[in-house]
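Order of the sequence lines sets the chain letters (A, B, ...), proteins ahead of strands, with each chain counted from 1.
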Amino acid sequence: MPEGPSIVILKEAVQQFSGQKIIDVSGNSSIDILRLKKKTIREFKTWGKHFLICFDDFTVKIHMLMFGTYRINERKETVPRLRLVFADGEINFYTCSIKILEGDVNLHYDWEEDVMNENWNPEKAKRSLDKIPKQMICDALLEQNIFSGVGNIIKNEVLYRCKIHPESRVGKIPEKDIVSLIDESVVYSFQFLDWKKNYELKKHWLAHTKKTCLRCDLPLVKKYTGTKKRRSFFCTNCQKLHQ
DNA sequence: TATAATGTTTGAAC
DNA sequence: AGTTCAAACATTAT
């Protein structure tokens with residue numbers, strides 16, 4: 001479910017309810033869900049992996065974490081964390097984190113940090129990376145305040161495509177490679193979006209979960225890298241280690 | 001069937 | 001005081 005493109009798909013899938021009034025609400029979320037009853041949804045937004053339901057003076061933030069799911073005009077067997085009922089349909093969210101953000105949503109988010117947002121600012125990402133030269137690039141790509149929306153799959157695919165070893169130190173990577181990593185994080189995120197919509201995402205994985213490098217035919221290394229200790233799949237022959 | 005996985009926050013321990 | 005770490009949350013495919 002989780003990475004940024006999947007949340008964009010969710011946003012597109014619920015557009016039929018934008019501007020609609022919630023006529024009933026239920027679920028086992030710990031937030032005050034009754035607050036949503038009879039309120040009109042002004043807009044759905046996303047910021048990376050955050051799905052945002054915006055009302056006049058507050059926003060419901062939904063994070064799918066690792067296992068979150070949703071159903072539109074359908075129900076699973078289990079009790080939903082949150083169910084929103086409209087005059088002509090409903091949305092059900094399961095196993096997700098839900099929080100309320102007070103006031104203008106723009107005060108909570110910097111849209112320039114979201115790789116899939118129209119306000120994405122690659123120069124800002126570059127400046128942010130310049131501030132963390134000692135971090136490994138595998139950790140930096142997962143920093144949501146630099147590459148909001150990038151998850152572990154996108155990380156592995158971007159590093160493979162750019163031929164950069166995940167344990168490279170940010171400050172040792174040549175500037176042209178940093179720029180290509182920033183660019184590719186956007187390009188691949190939108191490819192991810194298209195492929196996911198067509199149920200063919202995995203078919204296009206070049207490195208993630210793969211056993212062999214398709215460039216040189218040597219085995220890919222699987223290793224839990226960086227301080228975040230997320231699994232990386234990489235080719236020590238084709239991906240350069242800058243240290 | 002046990003394990004691991006597209007994630008993040010929290011709070012204890014050092 | 002800063003870091004590191006495990007725990008917690010919880011589902012599903014292999």
Measure from the side-chain N and O atoms of A:Glu157 to the backbone N and O of A:His208, and report whether any donor-acceptor pair falls under 3.5 Å. yes
Ion pair check, A:Asp24 and A:Arg83, cut-off under 4.0 Å: no
Can you tell me how far C1' of B:dT8 sits from NZ of A:Lys228, to the nearest Å? 10 Å
Return yes if a side-chain donor-acceptor contact under 3.5 Å exists between A:Trp111 and A:Asn106, otherwise no. yes
State plainly whether the residues A:Lys196 and A:Glu3 are in salt-bridge range, i.e. N to O under 4.0 Å. no
Tell me which nucleotide among B:dT6, B:dT8, C:dC5 gets nearest to the side chain of A:Lys229. C:dC5
By nearest atom, which of the nucleotides B:dT9, B:dA4, B:dT6 is closest to the A:Lys99 side chain? B:dT9
Donor-acceptor contact present, side-chain A:Ser148 to main-chain A:Asn145, <3.5 Å: no
Find which nucleotide of DNA chain C each of A:Arg81 and A:Thr227 is nearest to by heavy atoms, and output the residue with the more 5' nucleotide. A:Thr227
d(CZ, A:Phe192; C1', B:dT6) in whole Å: 6 Å
To the nearest angstrom, the NE2-C1' distance between A:His208 and B:dG7 comes to 13 Å
Parallel, tilted or perpendicular for A:Phe55 and A:Phe58, by the 30°/60° rule? parallel
Touch check for A:Lys222, heavy atoms < 4.0 angstrom, all strands: base, sugar-phosphate only, or nothing? sugar-phosphate
Nucleotide B:dT8, atom C1' - distance to CH2 of A:Trp47 in whole Å: 12 Å
Expressed in whole Å, how much space separates the P atoms belonging to C:dT4 and B:dT6? 23 Å
Using a 4.0 Å cut-off on heavy atoms, which residues in residues 138-152 of chain A reach DNA chain B? List them by number, or say none. A:Gln144, A:Gly151, A:Asn152
Within the distance-only criterion (no hydrogens, no angle test), does the side chain of A:Thr59 pair as donor or acceptor with the backbone N or O of A:Cys54 below 3.5 angstrom? no
Show each protein N/O and nucleotides 11-14 of chain C N/O combination with a separation under 3.5 Å, one pair to a line.
from, atom 1, to, atom 2, distance (Å)
C:dT12, OP1, A:Lys76, NZ, 2.8

Lys NZ or Arg CZ of A:Arg215 over A:Tyr160 ring: under 6.0 Å, within 45°: yes
Can you tell me the distance, in whole Å, between the NZ atom of A:Lys49 and the C1' atom of B:dA5? 13 Å
Tell me whether the rings of A:His63 and A:His50 are parallel (<30°), tilted (30 to 60°) or perpendicular (>60°). perpendicular
Taking 4.0 Å as the cut-off, does a side-chain nitrogen or oxygen of A:Arg230 come that near to OP1 or OP2 on B:dT6? yes
Min side-chain heavy-atom separation A:Ile137-A:Glu167 under 4.5 Å: no
Can you tell me how far C1' of B:dG7 sits from CE of A:Met66, to the nearest Å? 5 Å
Hey, where does DNA chain C pair up into stems, meaning at least three consecutive Watson-Crick or G-U pairs with distances under 3.5 Å? B:2-5 with C:11-14, B:7-14 with C:2-9
Is it the case that the side chains of A:Lys155 and A:Ser232 hold a donor-acceptor pair, with the cut-off being a distance below 3.5 Å and no angle test? yes
Rounded distance in Å - CD1 (A:Ile62) to P (B:dT8): 16 Å
How about A:Arg71 and A:Asn92: does a side-chain donor come under 3.5 Å of a side-chain acceptor? no
Separation of A:Tyr224 atom OH from B:dG7 atom C1', in whole Å? 14 Å
Phosphate OP1/OP2 of B:dA4: any A:Arg231 side-chain N/O under 4.0 Å: no
